[in-house]
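Remarks on the structure that follows.
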Amino acid sequence: PSQIAHRNSEAEAQHISLQNMKIFLGALAFSFFAKGFSGSYMKSMSTQIERRFEISSSVVGIIDGSFEIGNLMVMILVSYLGSKVHRPKVIAAGCLIMSFGTFLSVMPHFLMGRYNYERIQLTEENSSTSLSACSLVLPLHHPTLDAVEMTRELKNSGNSYLWIFVLMGNLLRGIGEAPIMPLGVSYVDDFSKEENSAFYIGNKLISCGMVGPTLGFLLGSFCANLWVDVGVVDLESLTINPKDTRWVGAWWLGLVICGAVSFLSSLPFWFLPYSLPKEGDERNLKKLSESSVTIQEDHCKIEPPNTQLSFPDFLPTLKKLLGNPVFLVYLFLTILQYNSMVGLITFETKFMEQQFNVSVSRAIFLIGVILLPITILGMFLGGFIIKKFKLHITGMVKFGCATFIAAYLLNLLYFTCDCEVLQVAGLTVSYSGFKNNRTTSSADVNQLNCNSDCSCVLNQWDPVCGDNGITYMTACFAGCKSSIGTGKNMVFHNCSCVQVEGLESGNSSAVLGQCQRESCTKTFPYFLALLSTCALILALGGTPTYMIISVSPDLKSFAVGIDALCGRILGGLPAPIYFGALIDQTCLKWGTKRCGGSGSCRVYDTKLLNFIFFMKSQNCLQNKNHFPNTAVSQGETRKLQN
């Protein structure tokens with residue numbers, strides 16, 4: 001009976017250990033999903049945040065880079081502590097911090113009040129139902145706001161820096177996400193069989209981590225198509241649609257969902273033990289079965305291996321690693337790839353919108369359902385090709401080099417997808433339809449004969465499209481004297497500046513919104529096919545490139561850490577900031593805040609934007625896998641160096 005009881009005790013201990021490992025794997029997979037879900041959603045909302053807070057692209061880049069700052073602040077500390085802390089509880093605390101940071105980013109929505117987009121004030125024409133954009137009595141800076149709106153504007157004038165809430169929330173998200181990957185993977189690696197560890201990490205964790213970004217982009221597409229004050233404002237009263245550069249989607253709604261998902265991901269970790277018996281280790285199971293304490297209290301008996309690098313060895317090891325010329329070349333490649341990848345992902349939706357007349361919500365949707373899955377497919381195909389053809393280190397280098405060259409040559413075709421700059425009267429073309437060199441001041445625009453009798457507000461953007469195919473900054477600048485309809489269906493008539501083109505008197509009308517560039521819309525499918533092909537080819541070369549770190553086996557983990565650290569400090573952090581600043585240089589028309597000052601950009605020089613975007617992104621979407629690196633021998637290293 002004692003032997004039977006002993007065996008039953010061992011079986012029960014093994015069952016408990018297996019159950020705890022399954023629970024940990026499920027919880028860790030969900031946390032991977034949560035961080036990918038919220039991270040991709042924040043990326044997709046960059047344009048909405050820019051417009052809601054009336055900030056420039058460079059400031060959006062600072063907000064985006066704050067995540068990397070928070071992550072790097074604690075990454076080294078987390079990696080150093082390793083198995084010295086209660087890893088499940090540290091991961092749980094990290095998920096809670098992620099949740100808190102996400103909810104903090106939502107706060108400005110409830111502090112700022114309703115979003116009032118930039119638009120002109122219309123006056124009644126001859127006491128009729130017709131409204132005129134051109135008024136003879138409207139003063140230069142018309143104070144037509146009533147007492148309620150004036151109070152609201154005074155309140156909103158103090159909201160200029162509420163975007164700092166979003167920045168701090170993103171910073172906290174970076175801090176909270178830091179322990180999930182290193183502590184979670186090390187926990188699985190310490191307490192699972194060696195042959196099971198790669199399966200758990202590769203198939204379960206990474207797969208869930210890839211599903212998260214896809215669903216995050218889909219949620220971003222849905223929220224970007226909703227009005228920011230959905231449920232509060234009568235949507236029929238809006239005069240803009242999701243294609244308008246003043247449109248702001250319900251960016252805050254998705255953040256509430258992301259925060260809730262992050263909070264739920266933290267719950268299981270609080271109930272998991274400090275350590276587990278290693279799978280298949282009968283000695284640890286015997287100890288566990290003979291013990292009268294719980295698994296959580298047994299951490300003093302079952303210690304995971306300590307593989308931490310001591311500080312005295314750090315500098316000599318770093319010197320040895322940086323003395324490897326192949327590793328230095330690889331490190332330089334990583335930094336370039338981080339720069340191009342982060343910059344492209346952050347502003348890809350803005351580029352599609354400005355270049356091809358695509359709404360931001362549709363651009364986000366296409367990235368989520370086409371571009372991202374194709375990239376993931378390419379990564380898996382790259383690993384399959386390596387295994388199928390049994391490529392060694394030199395073969396991987398040749399394969400990676402071939403994919404890079406092919407993608408670079410394909411990238412040159414992007415310049416054939418160029419699109420003409422939007423024709424805006426007084427900005428990119430004259431009122432006669434001739435192109436301007438760069439831009440015309442608003443003062444010059446207001447003094448043209450066709451609208452000289454209209455007291456138009458300067459520096460305002462509420463565009464209308466004339467029958468002549470030219471966009472006017474406002475209906476007032478188009479000289480429109482009357483209108484019919486309401487909301488999005490409003491049509492302006494008797495537009496004197498449209499008549500300047502010599503059209504028949506019955507055709508001098510204009511509709512709300514900027515003119516659509518049909519040729520650009522037709523080019524978009526070719527651009528999307530080219531971008532998808534480029535992403536697939538580069539992803540194919542991503543896996544072999546990641547596996548050619550030429551270092552000795554004892555330096556492998558350290559090399560991977562230095563590679564990731566340098567890539568994020570020199571690539572992930574500065575890229576969105578300086579890339580956003582470059583995009584700001586292509587702006588032709590800045591919006592105006594209702595309380596004064598410049599807002600977000602309304603019109604870009606699409607030719608210059610195209611040049612900057614793809615000259616920088618020659619290595620676009622070069623993604624790196626989390627497959628184990630290959631530690632090569634000295635002979636293979638010499639071949640690689642040659």
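The first residue of the sequence shown is numbered 1, and numbering continues consecutively from there.
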field: Residue list, side chain to side chain donor-acceptor pair (under 3.5 Å) with Tyr41, at least two apart or on another chain
entry: none
task: Check side-chain contact (heavy atoms from CB on, under 4.5 Å) between Leu413 and all other residues, then give those that pass, not counting sequence neighbours.
output: Leu410, Thr416, Leu530
field: Which residues share a side-chain contact (heavy atoms from CB on, under 4.5 Å) with Cys520, sequence neighbours left out
entry: Asn357, Cys419, Glu420, Arg517
message: Once side chain to side chain donor-acceptor pair (under 3.5 Å) is applied, do any residues pair with Asn71, and if so which ones, sequence neighbours excluded?
response: Arg568
task: Assess whether side-chain contact (heavy atoms from CB on, under 4.5 Å) is satisfied between Met98 and Leu172, documenting all intermediate values.
output: CA-CA 6 Å; Met98 281 176 54; Leu172 289 175; over 6 Å; no
statement: Those residues at least two apart in sequence (or on a different chain) that pass side-chain contact (heavy atoms from CB on, under 4.5 Å) with Ile405 are Cys401, Leu409
message: Under the criterion side-chain contact (heavy atoms from CB on, under 4.5 Å), I'd like the reasoning laid out for Glu68 against Ile569: C-alpha separation, chi angles, the key distance, then a yes or no.
response: CA-CA 8 Å; Glu68 297 291 345; Ile569 291 178; over 6 Å; no
message: Set out, in order, the CA-CA distance, both residues' side-chain angles and the distance that settles side chain to side chain donor-acceptor pair (under 3.5 Å) for Tyr578 and Asn339, then state yes or no.
response: CA-CA 10 Å; Tyr578 75 76; Asn339 275 269; 2.7 Å; yes
Stepwise side chain to side chain donor-acceptor pair (under 3.5 Å) check, Thr102 with Arg173: CA-CA 7 Å; Thr102 307; Arg173 273 201 328 108; 4.8 Å; no
- line: Those residues at least two apart in sequence (or on a different chain) that pass side chain to side chain donor-acceptor pair (under 3.5 Å) with Ser359 are Ser361
- request: Mark yes or no for whether Ser186, through its side chain, and Pro182, through its backbone, hold a donor-acceptor pair below 3.5 Å.
  value: yes
- request: Give a yes or no answer on whether the side chain of Asn610 reaches the backbone of Thr606 with a donor-acceptor pair at less than 3.5 Å.
  value: no
Contact summary for Pro179 and Gly176, nearest pair of heavy atoms: CD-O, 3.2 Å
message: Has Thr523 got a side-chain atom pairing as donor or acceptor with Ser519's backbone, closer than 3.5 angstrom?
response: yes
query: Do Phe415 and Phe611 pass the side-chain contact (heavy atoms from CB on, under 4.5 Å) test, and can you show the C-alpha distance, the side-chain angles, and the key distance before you say yes or no?
result: CA-CA 8 Å; Phe415 295 104; Phe611 178 78; 4.2 Å; yes
statement: Output for pair (Leu219 CG, Cys258 SG), nearest 0.5 Å, gives 6.0 Å
statement: Correct closest heavy-atom pair for Ala535 and Leu371 would be CB-CD1, 4.2 Å
- prompt: Ser262 side chain to Gly259 main-chain N or O, any donor-acceptor pair under 3.5 Å?
  reply: no
message: My understanding is that only residues two or more places apart in sequence, or in another chain, count here; which of them pass side chain to side chain donor-acceptor pair (under 3.5 Å) with Thr346?
response: Lys43
message: Checking Phe351 now: which residues fulfil ring pair (Phe, Tyr, Trp, His ring centres under 6.0 Å) with it, not counting sequence neighbours?
response: Phe527, Phe613, Phe614
field: For Ser57 against Tyr604, the heavy-atom pair lying closest together
entry: OG-OH, 3.7 Å
query: Is there a side-chain contact (heavy atoms from CB on, under 4.5 Å) between Met379 and Leu540 once you walk through the steps?
result: CA-CA 5 Å; Met379 291 161 59; Leu540 281 173; over 6 Å; no
message: How close do Ile370 and Ser532 get, counting heavy atoms only, and between which atoms?
response: CG2-OG, 3.6 Å
- request: Could you tell me which non-hydrogen atom of Leu573 sits nearest to which non-hydrogen atom of Pro576, and how far apart they are?
  value: O-CD, 3.6 Å
Donor-acceptor pairs under 3.5 angstrom involving side-chain atoms of residues 23-37: please list them, not counting sequence neighbours.
from  : atom 1 : to    : atom 2 : distance (Å)
Ser31 : OG     : Leu28 : O      : 2.6

Reported CD1-to-CD1 distance for the pair Ile63 and Ile577, which is rounded to 0.5 angstrom: 10.5 Å
Pairs involving residues 380-391, ordered by first then second residue, that meet salt bridge (Lys or Arg N to Asp or Glu O under 4.0 Å) (sequence neighbours left out): none
message: For Gln48 versus Ala224, what's the shortest heavy-atom pair and its separation?
response: NE2-CB, 4.0 Å
field: Atom pair CG (Leu570) and CG (Leu331), whose distance is rounded to the nearest 0.5 Å
entry: 8.0 Å
- line: Residue set satisfying side-chain contact (heavy atoms from CB on, under 4.5 Å) with Val358, at least two apart, ordered chain then number -> Phe356, Arg362, Ala363, Phe524
query: Between Ser221 and Leu218, is there a donor-acceptor pair closer than 3.5 Å when you use the side chain of the first and the backbone of the second?
result: no
task: Only counting residues at least two apart or in another chain, list the ones meeting ring pair (Phe, Tyr, Trp, His ring centres under 6.0 Å) with Phe217.
output: none
